[in-house]
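Throughout, numbering of the chain's residues begins at 1 and tracks the sequence.
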Amino acid sequence: MSRGAKNVFVASRLPKRAGVSGWVATLPPRRPRPALSEAILADVAIIGGGFAGLSAAHRLSQLDPTLRVALFEAGIVGEGPAGANSGFIIDLPHEVSSDDFSGESEGKFRDSVLLQRSAIALASQLASENGWGEALFDPCGRYSIAMSEEGDRHLEAYSQQLSKMGEAHRLLKGKEIEAVTGSKAFTSGLFSPGTVIIQPAAYVRSAAECLKAPVRLYERTPVLSFERSGDGWLLKTPHGSVQAAKIILANNGHAESFGFFRRRLLHVFTYASMTEEFDPARLGGDRKWAATPALPMGTTVRRINTGGGDRILIRSRYSYNPGIEITDAAIRSAGGLHDRKFAHRFPALAGVGMQYRWGGAMALTHNHVPAFGEIERGVFAACGCNGLGASNSTAAGMAAAERVLGHQSELVGVYSRLAAPVLLPPQPLTTIGAKIHLAWREWRAGTE
Ligand SMILES: Cc1cc2nc3c(=O)[nH]c(=O)nc-3n(C[C@H](O)[C@H](O)[C@H](O)COP(=O)(O)OP(=O)(O)OC[C@H]3O[C@@H](n4cnc5c(N)ncnc54)[C@H](O)[C@@H]3O)c2cc1C
């Protein structure tokens with residue numbers, strides 16, 4: 001993806017907030033690190049303080065603790081998509097691509113597992129070094145849940161694939177999943193033990209807090225442009241600048257705002273609502289569990305035990321927003337869907353309202369590969385999360401850090417085998433195609 005002689009890259013847009021997530025709202029306010037207000041020098045500048053940027057900073061610091069790393073977050077750490085998600089750091093591909101599970105898809109499965117488990121290994125190391133408790137980081141595993149015969153069939157097929165790959169898991173019948181969730185709505189489930197469940201805003205805040213000097217984090221500091229300067233790059237922010245030898249672009253879809261990966265990223269938002277606290281006695285089952293849907297476009301559900309009352313999180317609905325921003329009306333519309341999904345699953349909680357609603361941006365590629373690699377001399381991208389950034393972007397950030405330092409590892413090997421993101425059709429075809437595709441898949445997911 002060389003861009004020839006281009007020397008200056010200017011951000012055409014900056015991230016916008018998409019509501020306040022329940023994860024942030026239920027934490028004490030955070031005092032952000034000061035914005036950059038001077039001219040500084042760095043060995044590596046990282047643009048973006050989500051999973052990718054934070055993990056890149058940690059990995060650089062692990063590999064060379066003397067490295068001067070400057071990490072720039074346009075907003076406040078935890079208030080972007082990384083702190084707004086459902087909190088699954090997933091260790092296994094959702095599904096295996098080909099029906100007959102051929103040799104090629106087995107290889108892809110193994111690569112994907114290596115990538116996802118590398119992310120979990122870094123996250124687990126941070127958790128154990130810094131004493132993060134289970135409310136923040138819980139390696140408790142995940143349920144996949146079905147609500148239809150099609151969902152049941154999907155879980156059975158997935159179970160067969162996991163068995164073939166020697167991956168531990170357990171299929172649960174309707175009554176067994178009811179015993180976990182307190183809901184009669186689910187028809188079957190599949191438990192896999194390797195996923196870590198996080199409070200995402202607390203997780204990214206904590207990952208930022210434990211960055212070690214000379215890594216420095218600047219919040220409310222969007223990078224507005226970068227240009228070649230000597231052997232490196234000069235990055236400009238509203239009130240300062242940094243001369244850096246290398247850059248890691250860890251701003252997901254906003255890589256395109258700097259002109260990279262044009263027509264290769266699909267900017268898709270997804271949405272969540274979180275209830276007010278309710279009396280735990282009103283709902284049977286475990287007081288803490290986390291479930292992804294059996295069908296890809298279905299609904300994610302979590303029960304969160306906050307010490308006092310409990311809450312339910314519902315995540316559902318996808319929308320294609322090429323401008324990387326959404327309206328309050330889109331959040332309200334998704335909220336209506338969440339209310340219906342919640343009522344259907346938890347009639348015992350009639351009258352419990354949603355307290356928080358929000359959305360968040362993701363960057364997908366048509367061929368499901370990351371937007372990764374050295375895209376200009378000394379500029380490395382760790383973008384294109386494909387909707388699973390807690391693991392994918394963490395791994396991409398780690399691999400980008402390793403590439404910056406010329407470090408060889410199995411993880412770098414996986415990334416070197418991945419294809420580049422394919423070109424999307426010109427507009428308006430991409431918009432029309434994406435909208436029809438999302439609507440069709442949402443319809444197919446039905447009640448799931
Ligand atoms: C409701 C919801 C539920 C989800 N659930 C899950 C889940 O359970 N598991 C999972 O794996 N994924 C989930 N996702 C997806 C996940 O949140 C994303 O994949 C992830 O946040 C991507 O991480 P990232 O670091 O690549 O990008 P981001 O988290 O988007 O971080 C990029 C950062 O770059 C910053 N930035 C952008 N431009 C600039 C600039 N010019 N200068 C400085 N900073 C800049 C942004 O402010 C942002 O904070 C969910 C998403 C949503 C919205």
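- Checked by atom type, the side-chain pair R263/Q427 shows no donor-acceptor distance below 3.5 Å.
- Considering all non-hydrogen atoms of both residues, F261 and A381 come closest at CE1-CB, 3.7 Å.
- Relative ring orientation between W289 and F346 is described as tilted, the plane-to-plane angle lying within the 30° to 60° band.
- Within 6.0 Å of the NZ atom in K288, the count of heavy atoms belonging to other residues, nucleotides or ligands exceeds 12.
- For the pair E79/E73, no side-chain contact is recorded, criterion being any heavy-atom separation below 4.5 Å from C-beta on.
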Cut-off 3.5 Å, no hydrogens considered: what does the side-chain donor-acceptor table look like for residues 409-419, sequence neighbours left out?
{"residue": "S409", "atom": "OG", "partner": "E402", "partner atom": "OE1", "Å": "2.4"}
{"residue": "S409", "atom": "OG", "partner": "L411", "partner atom": "N", "Å": "3.3"}
{"residue": "S409", "atom": "OG", "partner": "V412", "partner atom": "N", "Å": "3.1"}
{"residue": "Y415", "atom": "OH", "partner": "A396", "partner atom": "N", "Å": "3.1"}
{"residue": "S416", "atom": "OG", "partner": "G413", "partner atom": "O", "Å": "2.7"}
{"residue": "R417", "atom": "NE", "partner": "D111", "partner atom": "OD2", "Å": "3.1"}
{"residue": "R417", "atom": "NH2", "partner": "D111", "partner atom": "OD1", "Å": "2.9"}

Next on the checklist: Go through it in stages, so that I can follow the logic: the residues are Y203 and W132, the test is ring-ring contact (aromatic ring centres under 6.0 Å, His included), and I'd like the CA-CA distance, side-chain angles, deciding distance and then a yes or no.
Outcome noted: CA-CA 9 Å; Y203 173 89; W132 297 345; 5.6 Å; yes
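- Inter-residue side-chain proximity for V422 and T365 is flagged as unmet; no heavy-atom pair is nearer than 4.5 Å.
- Sorted by first and then second residue, the salt bridge (Lys or Arg N to Asp or Glu O under 4.0 Å) pairs with a member in residues 317-337 read K16-E325, R317-E442; sequence neighbours excluded.
- Around NE2 of H407, the count of heavy atoms belonging to other residues, nucleotides or ligands within 6.0 Å exceeds 12.
- Each of I120, I198, V196, I197 was scored for a side-chain contact (heavy atoms from CB on, under 4.5 Å) with P139, with one residue passing: V196.
- You'll find the side chain of H267 stays beyond 4.5 Å of the side chain of N321, heavy atoms only.
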Next on the checklist: Could you walk me through whether W23 and I304 satisfy the side-chain contact (heavy atoms from CB on, under 4.5 Å) test, starting with their C-alpha distance in whole Å, then the side-chain angles of each, then the deciding distance to 0.1 Å, before giving a yes or no?
Outcome noted: CA-CA 11 Å; W23 303 116; I304 306 142; 3.7 Å; yes
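- Listed for the Q199 side chain is a donor-acceptor partner under 3.5 Å among the backbone atoms of A201.
- A donor-acceptor pair shorter than 3.5 Å can be found between the side chains of S159 and H169.
- In this structure, E149 places its CD atom where only 12 or fewer heavy-atom neighbours from other residues, nucleotides or ligands lie under 6.0 Å away.
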